[in-house]
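The first residue of the sequence shown is numbered 1, and numbering continues consecutively from there.
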Amino acid sequence: MIKELYDNATEVSSKALMSFDEEKYDKYFIISFPLTTGIYSGWIRDDKASQKEEVDERVFLYQEDGQYYFYKQGQHLKKVSEDDMNKILDYIKTKKIS
């Protein structure tokens, strides 16, 4: 259900995102979906073989200025509607996820 909400959320940025700044926010959820990209990104350096970094597949759900957003590296920022956020919170309450 949460993956469907993520897939259908409205994109509100025009560029792919870098890694989420976990130090900027003090409250957020980390959502892990099954691997979707199946690719790795590599740093461009002389020793490319030892400088590979896996794409971060986590989705961060956070609040800023009263709005909720899905943030995933390499994707566009997505805004979560109030109704969809209520569905997520209801789901969390029923599953007693901490």
Heavy atoms, side chains only, cut-off 4.5 Å: are [X] and [Y] in contact?
X     : Y     : answer
Val80 : Leu61 : yes
Ile92 : Phe29 : yes
Tyr6  : Lys72 : yes

Inset, instruction - Show the numbers, then the answer: is there a side chain to side chain contact (heavy atoms under 4.5 Å, CB included) between Ile88 and Tyr68? - result: CA-CA 11 Å; Ile88 293 168; Tyr68 291 91; over 6 Å; no
Inset, instruction - Count the heavy atoms of every other residue, nucleotide or ligand shown that sit under 6.0 Å from CE of Met1, and state whether that count exceeds 12. - result: yes
Can you tell me how far the [atom1] atom of [X] sits from the [atom2] atom of [Y], to the nearest 0.5 Å?
X     : Y     : atom1 : atom2 : answer
Leu89 : Met85 : CG    : CE    : 4.0 Å
Leu17 : Phe60 : CG    : CZ    : 11.0 Å
Ser19 : Gln73 : OG    : CD    : 4.0 Å
Glu22 : Tyr71 : CD    : OH    : 10.5 Å

Legend entry - Shortest non-hydrogen contact between Ile31 and Phe70, atoms and distance: CD1-CE2, 3.9 Å
Inset, instruction - Might you point out which heavy atoms bring Gly74 and Ala16 nearest each other, and give the distance in Å? - result: O-CB, 3.6 Å
Inset, instruction - Sort and list the pairs that fulfil side chain to side chain donor-acceptor pair (under 3.5 Å) and have at least one residue in residues 78-88, not counting sequence neighbours. - result: Gln67-Lys79, Ser81-Asp84
Inset, instruction - Under the ring pair (Phe, Tyr, Trp, His ring centres under 6.0 Å) rule, what do Phe20 and Tyr28 come out as? Steps first, then yes or no, please. - result: CA-CA 11 Å; Phe20 184 74; Tyr28 53 86; 5.4 Å; yes
Legend entry - Main-chain N/O of Glu11 paired with His76 side-chain donor or acceptor, under 3.5 Å: no
Legend entry - Flag for Gln63-Tyr25: side-chain donor and acceptor within less than 3.5 Å: no
Inset, instruction - Sequence neighbours left out, what passes ring pair (Phe, Tyr, Trp, His ring centres under 6.0 Å) with Tyr69? Give chain and number order. - result: Tyr62
